[in-house]
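A, B, ... follow the sequence lines: proteins, then strands. Residue 1 opens every chain. Bear in mind the structure is a predicted one, so any value in this text is a computation, not a measurement.
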Amino acid sequence: MIWNTYKSWIRSYRDLPLLINQWANVVRWEMRTRLFLRTAEFLWQEGHTAHASSIEAMDEARKMLDVYSIFAEEWMALPVIKGVKTANERFAGAVETFCIEALMQDGKAIQAGTSHFLGQNFAKAFEVTFTTNENSIEYVWATSWGVSTRLVGTLIMAHSDDKGLILPPKIAPTQVVIIPIYKNEEQLTSINEKAVAIKNELLLRGITVKYDNDEKQTPGWKFAEYELKGIPLRIGIGPRDLESQTVELARRDDLTKSTVPMKDLAELILNLLDEIQISLYNRALAFRDSNITAVETYEEFKKVLEEKGGFISAHWDGTSETENKIKEETKATIRCIPLDNPQQEGRCIYSGEKSNQRVLFAQAY
RNA sequence: CGGGGUGUAGCGCAGUUGGCUAGCGCGCCACGUUCGGGACGUGGAGGCCGGAGGUUCGAGUCCUCUCACCCCGACCA
């Protein structure tokens with residue numbers, strides 16, 4: 001579809017570069033599905049570009065990788081490793097496949113997004129050519145890139161705990177929930193007044209707030225319920241708070257509680273939401289970094305894989321044969337060759353052949 | 001498609017070598033007491049035991065067939 005469109009749209013270098021983005025519901029045959037991570041039907045975004053030069057296309061592929069990684073890190077609070085796929089893991093038809101790889105709390109890796117530099121492969125397959133400014137005819141250079149609802153599963157698996165979901169404040173649909181604690185109608189009435197005032201104050205500051213004064217559930221029930229739903233911050237207001245002009249603040253990320261004055265509450269919460277966002281990222285980063293293990297031998301490799309999991313940084317001889325053997329024997333694949341990978345002499349853990357850099361292995365979703 | 005497992009109340013499950021009114025937890029309804037971490041008490045409602053056939057005086061339980069779902073493996077983002 002996309003390439004047929006390109007074929008009819010692209011005539012000259014003046015038509016380039018060209019970008020088409022679409023959101024599409026995709027249905028695939030899957031032998032076995034996994035909620036969010038591999039569903040038979042899913043929503044994804046796919047972007048396709050065509051360029052007049054190789055370098056411009058490559059820049060685009062790299063730019064989109066950055067767009068995805070920035071979204072993952074700054075919005076989802078999910079640290080990712082930007083890298084290049086090996087020939088085995090490369091998208092069919094791509095010259096180079098870039099990816100962002102994340103680590104889940106169970107020690108398995110997941111590809112959170114990809115971006116491909118397609119060279120002229122697709123242009124040749126679909127006969128998409130253009131006239132250059134020097135009046136010659138050339139094939140276009142292309143990229144494609146996408147993310148999907150898989151990111152939702154990734155988000156869940158990266159942050160959540162046994163009490164339920166944990167959402168980073170920046171993407172939480174509701175950032176703050178206010179819960180009244182009362183014994184009778186009079187108390188509720190006066191708490192309502194205060195709570196609504198606080199709610200409005202927060203709304204004015206751009207914070208999304210829900211005030212839950214539903215009388216059908218107890219406070220304790222609500223506490224648990226909103227923790228399950230991952231709302232970053234909870235405000236509790238009871239008779240004691242009315243007395244002292246305070247509220248109780250409870251953080252979802254670390255489950256700590258504190259009593260703070262009502263005065264300047266919005267300012268405090270604004271800061272706290274930022275802090276939670278950063279804290280979630282740092283927690284995930286610390287976990288990820290402590291689960292990148294460098295190994296020197298295949299025995300070590302297998303031991304770490306079995307006992308610890310996570311990413312394993314190891315020398316590899318660069319051949320598909322070795323990669324396939326390791327995959328067959330351990331289920332681990334090369335997730336990527338990090339973009340900022342330091343060059344380093346070594347010996348392939350499997351074949352013993354010379355290697356000039358380490359790559360990241362892991363079992364993956 | 002191979003291997004394993006499960007179908008009993010809205011949900012999660014128990015149910016002995018076949019035995020008489022099929023139980024338990026959660027949830028639900030009513031009332032009262034509660035309400036700062038998923039409240040407690042008392043009372044109550046709710047069941048073609050996945051489906052069909054068979055054995056038997058008697059089947060949730062045994063046999064045959066059938067349907068559905070789940071898990072593991074070859075797949076894959």
Pairwise [atom1] distance, [M] and [N] [rounded to whole Å]:
N      : M      : atom1 : result
A22(B) : C13(B) : C1'   : 14 Å
A30(B) : U64(B) : C1'   : 49 Å
C57(B) : A14(B) : P     : 32 Å
C70(B) : G12(B) : P     : 13 Å
U8(B)  : U61(B) : C1'   : 12 Å
A59(B) : G50(B) : P     : 15 Å
C28(B) : G10(B) : C1'   : 8 Å
A77(B) : G36(B) : C1'   : 47 Å

Can you pull out every ring-ring contact (aromatic ring centres under 6.0 Å, His included) where at least one residue sits in [range]? Sequence neighbours excluded, please.
range                       : result
residues 213-245 of chain A : none
residues 247-300 of chain A : Y298(A)-F301(A), Y298(A)-Y350(A)
residues 188-213 of chain A : none

RNA chain B: stems of at least 3 consecutive Watson-Crick or G-U pairs whose donor-acceptor distances fall under 3.5 Å | B:1-7 with B:67-73, B:10-13 with B:23-26, B:28-33 with B:39-44, B:50-54 with B:62-66

Taking [atom1] from [X] and [atom2] from [N], how many angstroms apart are they, rounded to a whole number?
X       : N      : atom1 : atom2 : result
Q187(A) : U34(B) : CD    : P     : 12 Å
Q217(A) : G37(B) : CD    : C1'   : 14 Å
Y182(A) : U34(B) : OH    : C1'   : 12 Å

Where protein sits on nucleotides 68-77 of chain B, one letter per nucleotide: B base, S sugar-phosphate only, - none, heavy atoms under 4.0 Å | ----BBBBBB

Are there any protein N/O atoms within less than 3.5 Å of an N/O atom in nucleotides 38-41 of chain B, and if so, which ones and at what distance?
{"from": "G38(B)", "atom 1": "O4'", "to": "G220(A)", "atom 2": "O", "distance (Å)": "3.2"}
{"from": "G38(B)", "atom 1": "N2", "to": "W221(A)", "atom 2": "O", "distance (Å)": "3.4"}
{"from": "G38(B)", "atom 1": "N2", "to": "W221(A)", "atom 2": "NE1", "distance (Å)": "3.1"}
{"from": "G38(B)", "atom 1": "N2", "to": "E225(A)", "atom 2": "OE1", "distance (Å)": "2.9"}
{"from": "A39(B)", "atom 1": "OP2", "to": "T218(A)", "atom 2": "OG1", "distance (Å)": "2.8"}

Mind checking whether Y6(A) and W3(A) have parallel, tilted or perpendicular rings, split at 30° and 60°?
-> perpendicular

Mutual orientation of the aromatic rings belonging to W145(A) and Y68(A) [parallel < 30°, tilted 30-60°, perpendicular > 60°] | perpendicular

Run the salt bridge (Lys or Arg N to Asp or Glu O under 4.0 Å) test against [X] and tell me which residues pass, sequence neighbours left out.
X       : result
E323(A) : none
R347(A) : none
R38(A)  : E30(A)
E321(A) : none

Using only heavy-atom distances, decide whether a donor-acceptor pair under 3.5 angstrom links the side-chain of K257(A) to the base of G37(B).
-> yes

Sequence neighbours left out, what pairs pass salt bridge (Lys or Arg N to Asp or Glu O under 4.0 Å) with at least one residue falling in residues 48-73 of chain A?
-> E60(A)-K63(A), D66(A)-K82(A)

Could I get the full list of side-chain contact (heavy atoms from CB on, under 4.5 Å) partners for Q187(A), not counting sequence neighbours?
-> Y182(A), K183(A), N184(A), P239(A)

Any chance the side chains of S12(A) and T131(A) put a donor and an acceptor closer than 3.5 Å?
-> no

Report which part of the nucleic acid N184(A) touches: base, sugar-phosphate, or nothing (heavy-atom distance under 4.0 Å, all strands).
-> nothing

